[in-house]
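To find a chain, count down the sequence lines: A is the first, B the second, and so on, and within it residues start at 1. As a basis for the values below, the full set of heavy atoms in this structure was taken, side chains included, without hydrogen atoms, waters or symmetry mates.
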Amino acid sequence: MGLKVYADRMSQPSRAIIIFCKMNRIDFEEVRIDISKGQHRTPEFEKINPMKQVPAIVDGKFKLFESHAILRYLACFFPSVSDHWYPNDLTSRAKIDSILDWHHANLRRGAMTYVFNSALAPALGFPLNAQAAEEGKKLLSSSISKIKSFWLKGNSRFLLGNAQPSIADLSLVCELMQLEVVDSEERQRILEPHQEIRDWMENVKRATNPHFLEVHGILYKVKARLESRRNRVSPKL
Amino acid sequence: MGLKVYADRTSQPSRTIIIFCKMNQIDFEEVKIDLSKGQHRTPEFEKINPMKKVPAIVDGRFKLFESHAILRYLACSFPSVSDHWYPNDLTSRAKIDSILDWHHANLRQGAGTYVFHGAMAPAFGLPLNAQVAEQGKKLMLSSLSKIELFWLRGDSRFLLGNSQPSIADLSLVCELMELEVVDSEERERILEPHQKIRDWMENVKRATHPHFLEVHGILYELKARLESRRNKVSTNL
């Protein structure tokens with residue numbers, strides 16, 4: 001009974017776990033929990049994760065939720081995981097922990113609030129909310145500036161000037177990928193001023209291909225559906 | 001040049017670090033950064049933490065911010081730290097990581113928002129905001145219920161049924177202590193239905209005595225000041 005990963009590939013932290021496992025040749029079974037169909041609220045899934053969120057893992061009798069806790073656990077538990085993902089060196093590790101912790105109330109909160117309230121809400125049965133989207137966008141933009149100023153200084157390929165990606169790079173870039181589903185011009189306006197961010201995203205993609213592209217496939221499908229819906233609405237205005 | 005901890009004791013995560021160091025006989029110099037005087041926005045402090053927040057530490061040439069990253073680093077770096085704070089055992093550690101990660105967008109966001117917008121803002125020259133405080137309160141209450149249901153099941157003295165506190169217990173209880181500064185009746189109404197929460201807070205206080213009481217001293221002073229201000233306002237109405 002190996003590792004099971006309960007995930008919805010529309011969820012940014014779910015994608016980070018799946019890509020990480022594939023990159024590090026960790027055998028696992030992906031169990032799809034479709035959020036748009038409410039599968040995270042079934043009694044069966046509640047036994048897996050009482051918080052009713054994805055991702056979650058089950059490793060034998062051990063259950064775990066929260067993607068950063070999962071990434072740390074997998075990095076430490078599986079010998080096939082290269083050191084650069086979550087270094088043994090205490091100070092290097094602490095710097096990565098610092099980014100992972102900062103992420104929750106900053107990039108994640110900003111990006112998620114913005115993307116949900118400007119694009120994804122209807123797919124989950126909620127209305128759009130322009131005011132909430134605007135607040136999210138402000139936090140998103142300031143978070144992007146901070147990443148650029150502090151962690152991608154100089155010619156950094158990855159966060160902290162590292163030569164190879166860590167779990168922090170993977171987690172944050174998967175979050176930014178969610179921007180694919182918003183209006184393309186809007187997305188460009190947000191990312192255009194930030195060459196270092198765009199380069200960093202490319203670096204992470206390249207370092208984790210082909211898995212990165214494959215796992216993000218669903219996002220591009222959803223993007224196409226939402227764009228076609230937006231185009232249908234606009235001609236009427 | 002030993003460990004320096006940059007802190008403001010009115011900040012919940014600052015108190016966590018200070019109590020942790022004292023409990024584990026970690027030598028450190030506490031450098032007060034008075035948030036109400038804007039000392040976190042000076043160029044000098046920006047060199048310590050570019051995010052301009054407390055707590056932050058400097059250990060030799062190594063700088064670190066984000067309280068959970070700091071707690072993990074200290075627990076792993078200092079041999080005097082007992083294992084129960086952040087166990088070596090991977091699955092025990094992962095469960096604690098899970099709570100620390102969950103905390104950001106749940107208890108911290110709820111309690112932090114509620115306390116700041118419902119009571120503390122005037123101490124920083126900002127107005128109260130009842131609507132935002134109410135949203136924070138909702139999230140805080142649902143977070144308290146989740147802690148009780150999942151992590152304090154049965155006769156748990158500490159989170160996860162542990163018999164001794166971990167850094168997760170300390171971090172979350174310091175957060176809840178911030179409720180001391182809101183109106184006393186309001187605070188009682190919030191905590192009254194949650195016997196397990198109140199018992200758990202007492203357990204943590206007792207396990208970290210006398211440092212817990214000493215470090216929280218400033219909160220009681222702030223509470224008295226805010227209460228006297230609230231009484232003056234009610235008399236004027």
Derivation and outcome, side chain to side chain contact (heavy atoms under 4.5 Å, CB included), residues A:R72 and B:R72: CA-CA 12 Å; A:R72 287 180 179 105; B:R72 288 182 179 104; 3.3 Å; yes
Expected output: side-chain A:S98 to main-chain B:F65 donor-acceptor under 3.5 Å: yes
A:F62 and B:K95, any side-chain heavy atoms less than 4.5 Å apart: yes
Residue pair A:T91 / B:Y73: nearest heavy atoms and the distance that separates them: CG2-CE1, 3.9 Å
Polar side-chain atom of A:D101 near backbone of B:A69 as donor-acceptor pair, under 3.5 Å: yes
Pairs of heavy atoms under 4.5 Å with chain A: top-ranked of B:S67, B:S77, B:A94: B:A94
Among A:H104, A:H68, A:Q53, residue most engaged with chain B (heavy-atom pairs, under 4.5 Å): A:H104
Shortest non-hydrogen separation from A:W102 to B:E66 and the atoms involved: CA-OE2, 3.4 Å
Spacing of B:L100 atom CG and A:L100 atom CG [to the nearest 0.5 Å]: 12.5 Å
Residues of residues 134-156 of chain B with any heavy atom under 4.5 Å of a heavy atom in chain A: B:K146, B:F150, B:W151
Over 12 non-hydrogen atoms of neighbours within 6.0 angstrom of CZ in B:F124: yes
Show me the donor-acceptor pairs, under 3.5 Å and distance only, between side chains in residues 17-26 of chain A and residues at least two apart or in other chains.
residue, atom, partner, partner atom, Å
A:N24, OD1, A:W85, NE1, 3.4
A:N24, ND2, A:F20, O, 3.0

Contact list for residues 105-127 of chain A, test side-chain hydrogen bond (donor to acceptor under 3.5 Å, both in side chains), sequence neighbours left out: A:R108-A:E175, A:R109-B:Q109
Neighbourhood of chain B inside residues 147-169 of chain A, taking heavy atoms under 4.5 Å as contact: A:F150, A:W151
